[in-house]
Protein chains: 2
Amino acid sequence: MAPRKVKSVTPAKAAARQRPLTRIQKEKQDIILEAALEVFSVHGFRGSTIDQIAEVAGMSKPNLLYYFPKKEEIHRRLIGTLLDTWLAPLREMDERGDPFSEIRSYIRRKLEMARDFPRESRLFANEMLRGAEHVIDMIEVDLKNLVDEKAKILLLWMDQGKLARADPYHLIFSIWATTQHYADFDVQVRAVLGGNRNGEGRFDDAALYLEQLFMHGLSPRPKAAKLPESS
Amino acid sequence: MAPRKVKSVTPAKAAARQRPLTRIQKEKQDIILEAALEVFSVHGFRGSTIDQIAEVAGMSKPNLLYYFPKKEEIHRRLIGTLLDTWLAPLREMDERGDPFSEIRSYIRRKLEMARDFPRESRLFANEMLRGAEHVIDMIEVDLKNLVDEKAKILLLWMDQGKLARADPYHLIFSIWATTQHYADFDVQVRAVLGGNRNGEGRFDDAALYLEQLFMHGLSPRPKAAKLPESS
DNA sequence: CTAACATTTTTCCAACTGGTCAAAATTTCT
DNA sequence: AGAAATTTTGACCAGTTGGAAAAATGTTAG
């Protein structure tokens with residue numbers, strides 16, 4: 001009789017079989033994911049090495065590979081959870097609320113995320129820059145559906161005269177862009193604000209400015225309203 | 001007597017000696033830089049390989065290395081020229097012009113750059129994401145100085161009551177963010193606008209929307225003006 | 001304690017990486 | 001044409017990378 005194969009169940013295989021992970025396995029995976037976020041968010045997928053991640057995670061490379069047999073697997077997991085978190089603020093935008101306070105809250109929440117989760121923002125940006133290979137499906141379905149839904153709400157508000165008429169999609173884009181900028185281009189922002197206190201209160205200042213920009217920029221205007229004319 | 005070294009002058013060394021490059025050398029370098037832009041802008045520095053660049057450039061790796069002896073050298077050259085081009089639109093903002101038409105032109109030019117030079121935008125974004133190692137000096141000096149200068153102009157306009165009072169730095173950031181978004185997050189923008197015509201006229205729509213946002217958002221208001229109050 | 005399993009470390013490998021070098025091919029100059 | 005310089009190629013190399021295998025070391029239930 002052939003010698004029985006030792007059936008060592010790696011955490012990865014356990015997960016594949018839907019067997020629940022032990023507490024320790026979960027912890028280790030979290031440590032790895034945390035380290036991977038740190039590395040991937042700066043260097044991108046190809047630019048990051050398992051060794052780097054392992055070092056940040058405080059374990060050996062083969063040990064790391066015991067929990068995530070493929071580099072791609074780590075990345076996939078990170079990206080997978082990311083989009084959900086990332087869209088949460090937009091999901092909260094409520095049709096029944098006041099348009100301006102809803103938009104203002106949305107801006108604030110996005111700005112807070114840029115402040116508190118800059119690595120997630122950069123990971124996402126990295127992914128977008130290289131064509132979103134790994135997330136394109138999610139983007140085209142979940143993200144698009146959510147935005148479509150919220151765009152409808154914005155249009156409704158505009159119809160009710162509560163909000164200046166404007167392209168709701170680009171409106172959402174502009175909120176994304178302006179808020180994520182403070183995470184993705186942090187170095188630049190700090191360098192420019194630079195000086196002595198190195199852009200200390202930049203997030204508060206940004207919040208103030210963006211509120212003003214969007215609140216004024218989106219205030220409904222009497223029909224005769226005209227853009228200032230250039231000379 | 002030792003045999004005379006053959007003094008083959010590589011283009012790189014010629015450049016180092018300030019000797020002018022021949023037309024062919026210039027052409028080949030341009031081909032390489034073009035290919036490198038293509039590759040670096042998507043994969044970042046670490047994520048790109050010389051082989052990839054060489055293939056896009058249609059030459060062998062050693063041949064490419066004949067023109068640029070170091071991978072870093074290619075990158076440095078790209079980045080070096082980039083910042084100049086990148087800041088040109090801001091440089092054009094003229095104190096003597098009308099504030100609104102100046103700002104509007106600036107937005108338009110930036111948006112055109114996002115449309116016509118998305119790879120440059122992405123290269124820059126890539127660089128920012130990973131901490132701007134290679135450009136931090138330029139950012140901290142040239143960029144900062146330019147922005148400081150233009151911020152003063154904006155403040156002047158605000159003092160003259162021609163522009164709503166707002167943080168001039170964040171004002172500039174918001175223009176950068178909203179315009180570059182259409183290059184850096186192009187995949188996302190297209191996926192969301194998606195549908196049949198796949199965001200065909202997205203740049204025109206964006207121009208329209210952004211003009212409205214900024215023109216209204218920055219219109220000087222009578223002193224009593226208040227932000228709409230949330231319930 | 002010990003068998004069964006889970007985790008970690010050591011060793012190793014094949015593919016890929018940036019880069020060298022000398023020879024060959026080509027172009028340029030006289 | 002032919003010498004001299006330039007450009008291109010092919011072979012090669014040392015270091016790195018993702019990953020496999022197996023041995024060594026825990027850990028835990030009986």
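A, B, ... follow the sequence lines: proteins, then strands. Residue 1 opens every chain.
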*Asks:* Taking any heavy-atom pair under 4.0 Å as a contact, classify L65(B): base, sugar-phosphate, or nothing.
*Replies:* base

*Asks:* In terms of side-chain heavy atoms of T49(A), which of dG18(D), dG18(C), dT8(C) is nearest?
*Replies:*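 For T49(A), the side-chain atoms sit closest to dG18(D).
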
*Asks:* Closer than 4.0 Å, any side-chain N/O of N63(B) to the OP1 or OP2 of dT9(D)?
*Replies:*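 True: N63(B) side-chain N/O within range (under 4.0 Å) of dT9(D) OP1/OP2.
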
*Asks:* Given dT8(D), is OP1 or OP2 found less than 4.0 Å from the side-chain N or O atoms of S60(B)?
*Replies:* no

*Asks:* Check whether any side-chain N or O of R122(B) sits under 3.5 Å from a backbone N or O of A183(B) as a donor-acceptor pair, and report yes or no.
*Replies:*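 Yes, the answer is positive, given that a donor and an acceptor are paired below the 3.5 Å cut-off.
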
*Asks:* Under 4.0 Å between a Lys/Arg side-chain N and an Asp/Glu carboxylate O for R76(A) and E73(A)?
*Replies:* yes

*Asks:* I53(A) has an atom CD1; how far is it from atom P of dT16(D), in whole Å?
*Replies:* 18 Å

*Asks:* For E73(A) and dA20(D), give me the distance from atom CD to atom P, rounded to whole Å.
*Replies:* 13 Å

*Asks:* Taking NZ from K26(A) and C1' from dA6(C), how many angstroms apart are they, rounded to a whole number?
*Replies:*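 Between C1' of dA6(C) and NZ of K26(A): 18 Å.
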
*Asks:* Taking CD from E55(A) and C1' from dT17(D), how many angstroms apart are they, rounded to a whole number?
*Replies:*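 Atom-to-atom, E55(A) to dT17(D), this comes out as 15 Å.
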
*Asks:* Is any side-chain N or O of R46(A) closer than 4.0 Å to OP1 or OP2 of dC16(C)?
*Replies:*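 Answer no for this pair, as no side-chain N or O of R46(A) is under 4.0 Å from OP1 or OP2.
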
*Asks:* Treating K71(B) as the side-chain partner and F45(B) as the backbone partner, does any N or O pair qualify as donor plus acceptor under 3.5 Å?
*Replies:*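 Flag set: sc K71(B) to bb F45(B) pair under 3.5 Å.
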
*Asks:* Choose from dT8(D), dT8(C), dT9(C) the nucleotide whose nearest atom is closest to any side-chain atom of Y66(A).
*Replies:*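 Selected nucleotide: dT8(C).
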
*Asks:* Would you kindly give the CD1-to-C1' distance between I50(B) and dT17(C), to the nearest whole Å?
*Replies:* 8 Å

*Asks:* Before accepting this row, confirm whether a basic side-chain N of the pair R108(A)/E211(A) lies closer than 4.0 Å to the acidic partner's carboxylate O.
*Replies:*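 Result for this pair is yes, salt bridge flagged.
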
*Asks:* Taking atom P of dT9(D) as reference, at what distance in whole Å does atom CG of D51(B) sit?
*Replies:* 14 Å

*Asks:* Take atom CG of L64(B) and atom P of dG10(D), then tell me their distance rounded to the nearest Å.
*Replies:*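 Computing the L64(B):CG to dG10(D):P distance gives 15 Å.
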
*Asks:* Between dG18(C) and K61(B), counting only base atoms on the nucleotide and side-chain atoms on the residue, is there a donor-acceptor pair under 3.5 Å?
*Replies:* yes

*Asks:* Please tell me which of K28(B) and P62(A) maps to the more 5' nucleotide of DNA chain D, matching each residue to the nucleotide holding its nearest heavy atom.
*Replies:*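 The residue mapped nearer the 5' terminus is K28(B).
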
*Asks:* Looking only at the aromatic ring of each residue, does the gap between the centers of H170(B) and Y182(A) stay below 6.0 angstrom?
*Replies:*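 Yes, they do, as the ring centres are separated by less than 6.0 Å.
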
*Asks:* Looking only at side-chain N and O atoms, does Q52(B) come under 4.0 Å of OP1 or OP2 in dC16(C)?
*Replies:*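 Looking at the OP1 and OP2 atoms of dC16(C), neither is under 4.0 Å from any side-chain N or O of Q52(B).
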
*Asks:* Return the value, rounded to whole Å, for the distance between atom NE2 of H75(B) and atom C1' of dG18(C).
*Replies:*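 To the nearest whole Å, that distance equals 16 Å.
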
